[in-house]
Amino acid sequence: MAEITKRSEDYSRWYLDVIREAELADNSPVRGCMVIRPNGYAIWENIQRTLDDRFKELGHVNAYFPLLIPKSFLAKEAEHVEGFAKECAIVTHHRLKQVTRDGKVDVVPDPESKLEEEYIIRPTSETVIWDMYRKWIQSYRDLPILINQWANVMRWEMRTRMFLRTTEFLWQEGHTAHATAAEGRAETLQMLEVYRWFAEDILAMPVIAGTKTANERFAGAVETFSIEAMMQDNKALQAATSHDLGQNFARAFDVKFQPAEGPVDYVWATSWGMSTRIIGSLIMTHSDDDGLVLPPRIARHKAVIVPIWKTDAEKAAVCDKARELAALLRPTLGPVPVDDRDNLRPGWKYSEWERKGVPVRLELGPRDLAQETAMLKARHDRAKTSVPFGDIVQGVQAELDRIQQDLYDRAKQRLLDNTHVIDSWEQFTDLYENRGGGFAMAHHCGDGACEETIQDKTKVTIRNIPFERDETPGRCVHCGQPSIGRVVFAQGY
RNA sequence: CGGGGCGUGGCGCAGUCCGGUAGCGCAACGGCUUUGGGAGCCGUGGGUCGCAGGUUCGAAUCCUGUCGCCCCGACCA
């Protein structure tokens with residue numbers, strides 16, 4: 001069994017080891033893509049279920065649009081083309097032809113099947129969706145349209161990284177249409193708040209919500225908002241984005257409506273998304289050198305029972321009791337596996353479930369049976385407590401609640417400990433060169449060129465302009481020009 | 001696309017400089033002893049050394065080409 005490489009030695013190796021050891025994903029034969037294994041997919045399913053419920057509570061519905069986008073669609077919104085043209089997979093033919101080369105059978109695209117207009121494999125769906133919205137929207141009575149789509153998309157990035165930046169990834173993308181600018185903006189902010197809630201309350205991952213700078217804005221948006229989390233190596237990770245698209249896409253796709261009063265106008269749009277990248281952030285936020293650590297609210301299995309025995313008689317008694325307890329826990333926790341495999345010793349099973357990140361382990365042996373208690377062990381801090389059989393349901397639930405809170409508190413403390421108020425360029429460079437980096441709360445003049453220079457010099461970017469920020473005026477940490485408030489800088493993934 | 005590294009049983013690696021019958025650990029399988037934190041001993045099976053050429057009596061090893069993967073940079077959710 002491969003050992004998980006220690007974080008201090010090589011962070012990216014550690015991160016990949018956790019993914020492999022926890023059986024979350026494998027490399028696929030397709031460049032930059034991954035095979036999501038059942039353990040990883042179960043996490044994604046929980047993410048889907050939780051977010052989807054919330055979307056629906058807020059009046060959204062799901063729909064599905066095509067994978068392939070006519071090439072011309074992408075060209076309709078100028079900034080959108082610029083943003084995505086460099087990373088598109090293109091479908092050019094619709095048929096293969098068998099050929100024999102050097103005695104070997106091969107297939108090549110049939111030249112006679114070349115498409116008149118190529119298709120792009122969607123890097124995002126704004127264009128196909130807005131092409132349809134044109135047909136669906138006539139009057140203010142057709143608005144708002146609040147549609148979400150669960151789908152795969154492809155972006156041919158130069159460098160890929162499991163979960164964080166795969167060529168193909170899964171996500172949800174919400175695309176809404178509204179009658180007024182204010183309504184569009186309200187929707188954009190509402191959905192960002194959903195993401196903040198999801199990251200913090202469900203994933204136990206504290207984030208900073210704010211506005212992206214113009215440089216970092218989504219291609220085609222008038223304003224982009226993000227939530228930014230801090231990983232264990234002090235780098236920042238954008239966990240979700242929400243975009244106010246203004247009337248840009250409506251103009252590009254000619255989507256007009258008749259308001260209750262006044263002349264025909266273009267509709268107002270938003271889009272917002274969260275991807276499988278969030279699983280990467282989950283790993284890098286909570287996991288340790290023994291493998292994956294999952295917050296209970298997103299874990300596939302909340303608890304596992306490991307029975308311990310010496311003799312066949314003990315095995316029968318212990319396993320019977322284990323299954324009885326599992327049945328008791330099932331209504332509140334879902335399936336609780338009883339690991340009764342007889343070819344493995346308990347120690348092996350412990351470390352295996354730990355690697356997979358199961359939040360709580362119940363150990364049950366002859367001694368426990370005699371005392372009518374089970375030994376309960378928490379994954380993240382190894383805390384061990386004895387719980388009477390009679391209190392098992394409440395006992396486990398209380399421990400899961402403690403774990404959920406503890407993971408959040410721990411991550412929050414780490415975020416605070418590694419967030420620094422920075423007032424000079426010397427402090428700034430010192431932080432990233434010598435003191436391990438983190439979040440720098442510093443003044444910035446707001447000039448895009450200045451922002452780029454900082455990035456070129458230090459690889460540090462403005463993550464966002466936090467909603468809750470120090471608005472005492474000051475001077476830009478880099479160029480000294482006046483600033484109206486602090487922004488959050490960090491090295492990003 | 002630039003810089004670095006690596007392709008050897010299922011997994012992790014040694015062997016390559018200096019050519020000479022392909023090895024180690026883990027896993028698998030069988031047996032006995034074990035079982036409250038990754039068990040021990042004995043035994044068994046499994047590899048055209050990424051691929052294609054070349055040099056040589058002889059190539060994992062040397063030469064040429066080629067494919068793939070990983071890490072760093074540019075791109076990015």
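Model, not experiment: these values are computed from the prediction. First the proteins, then the strands, lettered A, B, ... as listed; each starts at 1.
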Legend entry - Whole-Å C1' distance, C57(B) and C42(B): 42 Å
Legend entry - Who pairs with C51(B) - Watson-Crick or G-U, where each distance is under 3.5 Å: G65(B)
Legend entry - Closest to the Arg277(A) side chain, choosing from G38(B), C76(B), A74(B): C76(B)
Legend entry - Charged N-O contact under 4.0 Å between Asp52(A) and Arg49(A): no
Inset, instruction - Looking at every strand, decide which applies to Thr224(A) at a 4.0 Å heavy-atom threshold: base, sugar-phosphate, or nothing. - result: nothing
Inset, instruction - Identify whether any heavy atom of Ile278(A) sits under 4.0 Å from a base atom; if not, whether one sits that close to sugar-phosphate; answer base, sugar-phosphate or nothing. - result: nothing
Inset, instruction - Side chain of Arg165(A) only, please: which of C75(B), C76(B), G36(B) is the nearest? - result: C76(B)
Inset, instruction - Determine the interatomic distance between C1' on G47(B) and the same-named atom on C24(B); round to the nearest Å. - result: 14 Å
Inset, instruction - Measure centre to centre between the rings of Phe428(A) and Phe489(A), then say whether the value is under 6.0 Å. - result: yes
Legend entry - Aromatic ring of Phe169(A) stacked on base six-ring of A77(B), 5.5 Å, 30°: yes
Legend entry - Whole-Å distance separating the OH atom of Tyr195(A) from the P atom of A77(B): 14 Å
Legend entry - Euclidean distance, atom NZ of residue Lys235(A) to atom P of A77(B) [Å, nearest integer]: 16 Å
Inset, instruction - Could you give the distance separating U48(B) and G5(B) at their C1' atoms, to the nearest angstrom? - result: 27 Å
Legend entry - Whole-angstrom distance between C69(B) and G23(B), as gauged at atom C1': 24 Å
Legend entry - Lys310(A) NZ to A39(B) P, straight-line distance once rounded to whole Å: 15 Å
Legend entry - Base-pairing mate for C76(B) - Watson-Crick or G-U, with both contacts under 3.5 Å: none
Inset, instruction - Report which part of the nucleic acid Lys377(A) touches: base, sugar-phosphate, or nothing (heavy-atom distance under 4.0 Å, all strands). - result: base
Legend entry - Whether His243(A) and Phe218(A) hold their rings parallel, tilted or perpendicular, with breakpoints at 30° and 60°: parallel
Legend entry - Selection: residues 336-346 of chain A, any non-hydrogen atom under 4.0 Å of RNA chain B: Arg345(A), Pro346(A)
Inset, instruction - Among Glu354(A), Glu399(A), Glu352(A), find the one that has a salt bridge (charged side-chain N to carboxylate O under 4.0 Å, His left out) with Arg361(A). - result: Glu354(A)
Inset, instruction - Round to the nearest Å and state the distance from Arg161(A) atom CZ to C69(B) atom C1'. - result: 16 Å
Legend entry - P-based separation of G9(B) from A22(B) [nearest Å]: 15 Å
Inset, instruction - Can you sort out the partners of His478(A) under ring pair (Phe, Tyr, Trp, His ring centres under 6.0 Å), two or more places apart, ordered by chain and number? - result: Trp425(A)
Inset, instruction - For C13(B) versus G53(B), give the span between their C1' atoms, rounded off to a whole number of Å. - result: 29 Å
Inset, instruction - Tell me what Arg361(A) touches on the nucleic acid: a base, only sugar-phosphate, or nothing, going by heavy atoms under 4.0 Å. - result: base
Inset, instruction - Searching all strands shown, indicate the nucleotide that pairs with G20(B) (Watson-Crick or G-U wobble; both distances under 3.5 Å). - result: C57(B)
Legend entry - Residue closer to the 5' end of RNA chain B, Tyr493(A) versus Gly365(A) (nearest nucleotide): Gly365(A)
Inset, instruction - Tell me what Gln455(A) touches on the nucleic acid: a base, only sugar-phosphate, or nothing, going by heavy atoms under 4.0 Å. - result: nothing
Inset, instruction - For U8(B) versus U61(B), give the span between their P atoms, rounded off to a whole number of Å. - result: 14 Å
Legend entry - Plane angle bin for Phe253(A) and Phe249(A) - parallel if under 30°, tilted between 30 and 60°, otherwise perpendicular: parallel
Legend entry - For G30(B), the Watson-Crick or wobble partner whose two distances fall under 3.5 Å: C42(B)
Legend entry - salt bridge (charged side-chain N to carboxylate O under 4.0 Å, His left out), paired with Lys315(A), selected from Asp320(A), Asp340(A), Asp342(A): Asp342(A)
Inset, instruction - Searching all strands shown, indicate the nucleotide that pairs with G36(B) (Watson-Crick or G-U wobble; both distances under 3.5 Å). - result: none
Legend entry - Flag, side chain of Ser125(A) to backbone of Val128(A), donor-acceptor distance under 3.5 Å: no
